[in-house]
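A short worksheet on the structure shown next.
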Amino acid sequence: MSTSPSKDLAAVGPDPDEPAAAGASAAPRPADPTAPAGRLGRLLDPLRSGRAAGWYLGAGIALIWLLSPLALVVDSAATTLPAGLGFALLILFALVFLISNPLQQRMPPARRLVFPALLLLLSLCLLPWFGASVPSLWTYVGVSVGMAALKWRYTWPLVMALGAVAYLVEGSASGWGDDALQMAAIIVSISMMMAAFGKVRDTMRELRATQREVEQLAADRERSRMSRDLHDILGHSLTVVTVKADLAGRLVDLDPERAKAELGEIQELTRGALADVRATVAGARRMSISGELAAARSALDAADVRADLPSTGDAVPADQRELAGWVLREGVTNVIRHAGACVCRVRLDADRIEIADDGVGPTGAASTGSSTGLTGLRERVGSAGGGLSVGRSDLGGFRLTVTLL
């Protein structure tokens, strides 16, 4: 049997301008997105994205292990023409594998199996050169199935079927010993590992999309609040100012003293309205514990973490709620990013905030609270006269406790 690459695979324009009229310069026209060049550009966009660059690096390293099958093609060919044809098929196989994942991510799930099927077909085309060693290429096929990010009920039967066929081919050709079983095990294990990686990647993308949506909803709610507050503040104040200005204008000649009094009240009203507007604008930049509780619940739900949160932040004194909001944001962010937890519990009291999870517990910098986020939070809490401590929670994971002044 030939050396298999499977064992190391896991290391992984515009149309021409029309002639211008005499004496006038031709203005450039925007490219037509429906033109062939525009359609080709949209097709190639996934291959030029930042996400594709990481795949190219890993896939390129994995494809190094095709050098051994390439030597097999050259050795098994009797003349130059068969060797060149086999070489071309193997290069085409590598190119299809290289572009498969970036293009799969832009395709509907039902069409993502096009690339695994094409890779399998190309591997069968190499039968004259590989013979019974063709399954050594099927790990690439399995990885393409896994990275298609289909539902598990489709992914694992396909991968297991591929491993079973590989075992039958290897076993019938070289015996039903360890080599055949090892080949099937490598194909199945690496393919399932990459499928799990693809699921994690898609989950993180969904989480980021959900976080952006939550942030947008929070911004929309804040704009709505500001619009309502400004309407209520300025609508009332300007109406009163207008009425008093009209009255003062009529009293200038009839009763100058009363006109002066009305003008004085107008000044007070405008100063008060200006102060209210400033407070409203400043409120848009302040941390809101109620808003953070809602955002934390949405983010934890998106991360598949059960949220045990209080319904309101009323237990926290009014002058400490901004600080409590910062604590809640940093603590929940750490749970989502680092804890690997299933449950996140938040307790808010008049003098204490506790965020606990059932995840991996204190590790590394988190065990001493010296990570960048916790260091900044410690400074913020300290400047407010409070204290911060970390440790293992009664749930078995990480605990963040802040005592308020």
When you compare the side chain of [Y] with that of [X], does any pair of heavy atoms fall below 4.5 Å?
{"X": "Val141", "Y": "Leu162", "value": "yes"}
{"X": "Glu213", "Y": "Gln211", "value": "no"}
{"X": "Phe398", "Y": "His338", "value": "no"}

*asked:* Looking at Ser144 and Tyr140, would you say the former's side chain and the latter's main chain have a donor-acceptor pair under 3.5 Å?
replied: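 Here the side-chain-to-backbone pair does not exist.
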
*Quick one: does Thr403's side chain have a donor or acceptor within less than 3.5 Å of a partner on Gly387's backbone?*
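Side chain of Thr403 to backbone of Gly387, a donor-acceptor pair under 3.5 Å: yes, one is there.
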
Salt-bridge present ([X], [Y]; N to O < 4.0 Å):
{"X": "Glu206", "Y": "Arg208", "result": "no"}
{"X": "Arg380", "Y": "Glu330", "result": "no"}
{"X": "Asp394", "Y": "Arg399", "result": "no"}

*Grab the two heavy atoms, one from Ala148 and one from Gln104, that are nearest each other, plus how far apart they are.*
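Here Ala148 and Gln104 meet closest at CB-NE2, 3.6 Å.
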
*Please name the pair of heavy atoms, one in Phe115 and one in Leu103, separated by the smallest distance, quoted to 0.1 Å.*
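Minimum heavy-atom contact is CZ-CD1, 3.6 Å.
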
_Aromatic ring proximity, centroids under 6.0 angstrom, Trp55 and Phe97_ =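 Between Phe97 and Trp55, the centre distance is under 6.0 Å.
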
*Is it the case that more than 12 heavy atoms not belonging to Arg392 sit under 6.0 Å from its CZ atom?*
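Count over threshold, so yes.
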
*Please name the residue in the list Asp349, Ile289, Val346 that meets the side chain to side chain contact (heavy atoms under 4.5 Å, CB included) test with Pro310.*
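By the side chain to side chain contact (heavy atoms under 4.5 Å, CB included) criterion, Pro310 pairs with just one of Asp349, Ile289, Val346: Val346.
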
*asked:* For the residue pair Arg212 / Thr210, report whether a side-chain donor-acceptor contact shorter than 3.5 Å exists.
replied: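 Absent: no donor and acceptor within the cut-off.
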
